[in-house]
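Remarks on the structure that follows.
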Amino acid sequence: MRLTFDLRTLHGARGDDESERRVTIEDLALMARRPRAIADLLWGRRYESTDVLVGRLPLNGVLAGAMGLAGLARTERLRVDDGGGPATVGRARYLARA
């Protein structure tokens, strides 16, 4: 299963794909009141890949926090797509960027 953080807009598109768990900024804001939900999302299972879709929103604390959470997920591969196509990055490099 793939975990996708859609950080392109505040209300990202929700997918119907069974092989993907898509999380938006809005979803993360709702989970902030339930830390166990965030822990289950990040560590409840191992994902084949975690994709972070970054848009043109101005960088702020909420977006930086969402990017940081994506870097903590149990995953085999971490990919970032900022509009120029997905790029696989190492966890340490990614977290330094976030």
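Note: hydrogens, waters and symmetry copies are ignored here, and every other heavy atom, side chains too, is used. The first residue in the sequence is number 1, and the count goes up from there.
Taking all atoms of both residues into account, the shortest heavy-atom contact from L95 to G71 is CD2-CA, 3.8 Å. What you find for V52 and A70 is that their closest heavy atoms are CG2-CB, 3.6 Å. The heavy-atom pair separating R79 from S49 by the smallest distance is NH2-OG, 3.9 Å. Nearest heavy-atom pair, P58 versus L63, reported as atom, atom and distance to 0.1 Å: O-CD2, 4.0 Å.
Taking the side chain to side chain donor-acceptor pair (under 3.5 Å) definition, one finds that R21 meets it with nothing, sequence neighbours left out. Shown here are the side-chain contact (heavy atoms from CB on, under 4.5 Å) partners of L53, two or more places apart in sequence or in another chain: T4, D6, R8, R22, D81. With sequence neighbours excluded, the residues satisfying side chain to side chain donor-acceptor pair (under 3.5 Å) with T75 are T50.
Between Y47 atom OH and L42 atom CG the span is 7.5 Å, to the nearest 0.5 Å. Interatomic distance, CG of L41 versus CD1 of I38, reported as 8.0 Å (0.5 Å rounding). Interatomic distance, M67 CE to L72 CG, rounded to the nearest 0.5 Å: 12.5 Å. Atoms CG and CG, from L69 and L7 in turn, are 10.0 Å apart once rounded to the nearest 0.5 Å.
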Between I25 and L57, does a side-chain contact (heavy atoms from CB on, under 4.5 Å) hold up when you go through it step by step? CA-CA 11 Å; I25 294 173; L57 291 175; 3.8 Å; yes

Apply side-chain contact (heavy atoms from CB on, under 4.5 Å) to the pair E48 and R77, showing each step before the final yes or no. CA-CA 7 Å; E48 178 183 314; R77 184 176 52 239; 3.9 Å; yes

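The backbone N or O of T24 sits less than 3.5 Å from a side-chain atom of D27, completing a donor-acceptor pair. A side-chain donor-acceptor contact under 3.5 Å links R74 to the backbone of W43.
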